[in-house]
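Report on one structure; see the data block that follows.
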Amino acid sequence: MKTRIAEKFQTLFGCEGEFYASAGRINLIGEHTDYNGGYVFPGAIDKGIIAEIALNGTDKVCAFSLDLDEYVEFGLNEEDKPAQSWACYIFGVCRETIKRGGKVAGFNTVFAGDVPLGAGLSSSAALESTFAFALNELNANGIDRFELAKIGQSTEHNYCGVKCGIMDQFASCFGKEGALIRLNCKTLEYKYFPFNPKGYKLVLIDSCVKHELASSAYNKRRQSCENAAAAIRKNHPEVEFLSDAKRLWLDEVRAEIPQEDFLRAEYVIGEVQRVLDVCDALERDDYETVGEMMYQTHFGLSKLYEVSCPELDYLNKLARKMDVTGSRVMGGGFGGCTINLVKDELYKDFVDTAVASFTEKFGHAPKVYDVVISDGARKLQ
Ligand code: GLA
């Protein structure tokens, strides 16, 4: 990938730049908890974005997406927002850096990636953090990694229409080889957990389904959670985020809020606790508990949060039937992957069966990705 980028960069711009990279992410557990001030438990993966970048002495960005074979130029003022959605991520990162007092000089770039799009592996966060990290270095802005993650998150909010939490950008800015990271999204405290379960593999099965309108459905979930938190806050002013609420407090407002908001909140309150339970279980090498929590999360995401789909429910059911240790829909939902914790000896049989029976039922083959927990945003030598 790096060689192809370098060739194109040389052809387009006649010079060489610096190489930067960042990664997509998985999340073991803790879904839709980030914007509720709860815990998440992600890690960066060995699939990401690589960009070659060089300052060009102008006030323009000249960007080429190798994967889409498309070239775009844009200025750095608010009114210069490009029409292409991929370019909006880069533009947004520039704008959010500038809004924070950072300098962004014009630059040339060619980039490419291998994070499958729409699979729930945060290709967009990988793109945002590659550029947030690179522009910070190239312009010597001295912005810290948390703020770089927030630059990516604000890009989603202000330039891409998704009111996402901080998990994806955090994971791609803070990812470390071999470690998952538990992040408290309220206090932003985090802890690395070495993750190398002996006798198990993590495998993703990508349904290759991507639902349109996923971002408005996502924003709607977030709104429901905020409504529920506001209702609870009337009785319990200490509730800043939904994750601060006890289950009992939610029951108190059941009659006052729409049933839909109640169900969404019920899921979130359960999920916040499950992340903690999984971290405890990992410290005891108790993978059976980890797996059981994953199944509970899937149930919640499917029946209470309603972000699963028939394809993902099917994969989850099949995993259960085959005695896979843990399985659940991963990421925002509305299509994408299941993440599965599988015993080594079951791995081949599970993957073969899942691919064959899914293909027979839905008429297209799912994709299978083995997960390697890797480094996040960095400069390449
Ligand atoms: C998307 C968002 C994240 C998070 C997950 C669900 O990936 O970008 O902030 O909310 O969905 O856990």
Side-chain angles (χ1 to χ4, degrees), residues 22-45 47 89 92 115-129 132 146 149-175 180-186 188 190 204 206 210-211 213-226 241-243 264-265 267-272 274-275 278 293-294 296-298 300-302 304-309 312 328-339 376:
S22 191
R25 62 104 188 88
I26 56 146
N27 184 28
L28 189 63
I29 198 149
E31 223 63 88
H32 291 278
T33 43
D34 55 357
Y35 52 83
N36 286 303
Y39 291 95
V40 292
F41 200 24
I45 56 173
K47 298 188 188 327
Y89 292 103
V115 190
L117 300 180
L121 297 175
S122 293
S123 50
S124 59
L127 184 58
E128 289 149 7
S129 33
F146 256 120
K150 288 185 190 163
I151 284 175
Q153 183 192 22
S154 309
T155 295
E156 297 278 351
H157 286 202
N158 300 329
Y159 299 93
C160 311
V162 185
K163 299 285 175 202
C164 65
I166 191 71
M167 169 168 75
D168 305 348
Q169 293 77 13
F170 169 81
S172 52
C173 285
F174 284 79
L180 297 179
I181 329 166
R182 185 183 68 195
L183 172 70
N184 178 329
C185 299
K186 186 175 164 181
L188 297 185
Y190 61 96
L204 305 179
D206 183 358
K210 184 173 163 40
H211 287 279
L213 299 179
S215 29
S216 61
Y218 179 96
N219 295 346
K220 210 170 150 218
R221 298 296 182 287
R222 182 171 184 153
Q223 191 56 54
S224 282
C225 293
E226 284 168 11
F241 292 99
L242 185 53
S243 64
R264 308 299 188 238
Y267 160 76
V268 168
I269 293 172
E271 182 73 352
V272 170
R274 280 191 288 274
V275 183
V278 160
M293 293 293 155
M294 292 169 75
Q296 285 186 22
T297 295
H298 185 86
L301 286 171
S302 176
L304 307 174
Y305 222 67
E306 297 183 278
V307 295
S308 186
C309 60
L312 293 168
R328 66 177 193 81
V329 46
M330 192 187 71
F334 314 105
C337 290
T338 59
I339 178 168

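As the structure lists them, so they are numbered: ligands from 1, and atoms in each ligand from 1.
Formation of a donor-acceptor pair under 3.5 Å by the D34 side chain with backbone atoms of D168 is not found in this model. Checking side-chain atoms of S243 against main-chain N and O of N36 turns up a donor-acceptor pair under 3.5 Å. Remark: side-chain polar atoms of R328 are paired, donor with acceptor, to backbone N or O of L28 under 3.5 angstrom.
The distance from ligand 1 to the heavy atoms of M167 drops below 4.0 Å at these ligand atoms: 4 (C), 5 (C), 12 (O). Applying the 4.0 Å criterion to heavy atoms of G165 picks out, from ligand 1, the atoms 9 (O). The ligand atoms of ligand 1 that sit less than 4.0 angstrom from a heavy atom of C164 are 2 (C), 8 (O), 9 (O).
For the pair T33 and ligand 1, the shortest N or O to N or O distance does not fall below 3.5 Å. On a distance-only criterion, I166 and ligand 1 share no N/O pair closer than 3.5 Å. Looking at ligand 1, you won't find any N or O of Y35 less than 3.5 Å from one of its N or O atoms. At under 3.5 Å, a nitrogen or oxygen of D168, whether backbone or side chain, sits near a nitrogen or oxygen of ligand 1. For ligand 1, the polar-atom distance check against R25 finds a nitrogen or oxygen pair separated by under 3.5 Å.
Using a 30° and 60° split on the angle between ring planes, H32 and Y305 fall in the tilted class, from 30° to 60°.
In this structure, E306 pairs ionically with R264, as a charged nitrogen and a carboxylate oxygen lie closer than 4.0 Å.
Of the protein's heavy atoms, D34 OD2, 3.3 Å lies nearest to atom 4 (C) of ligand 1. Nearest protein heavy-atom neighbour of atom 10 (O) of ligand 1: Y218 OH, 2.6 Å.
Taking Y39 as the reference, nothing meets the ring pair (Phe, Tyr, Trp, His ring centres under 6.0 Å) condition, with sequence neighbours excluded. Contacts of F41 classified as ring pair (Phe, Tyr, Trp, His ring centres under 6.0 Å), with partners at least two apart in sequence or in another chain: F193.
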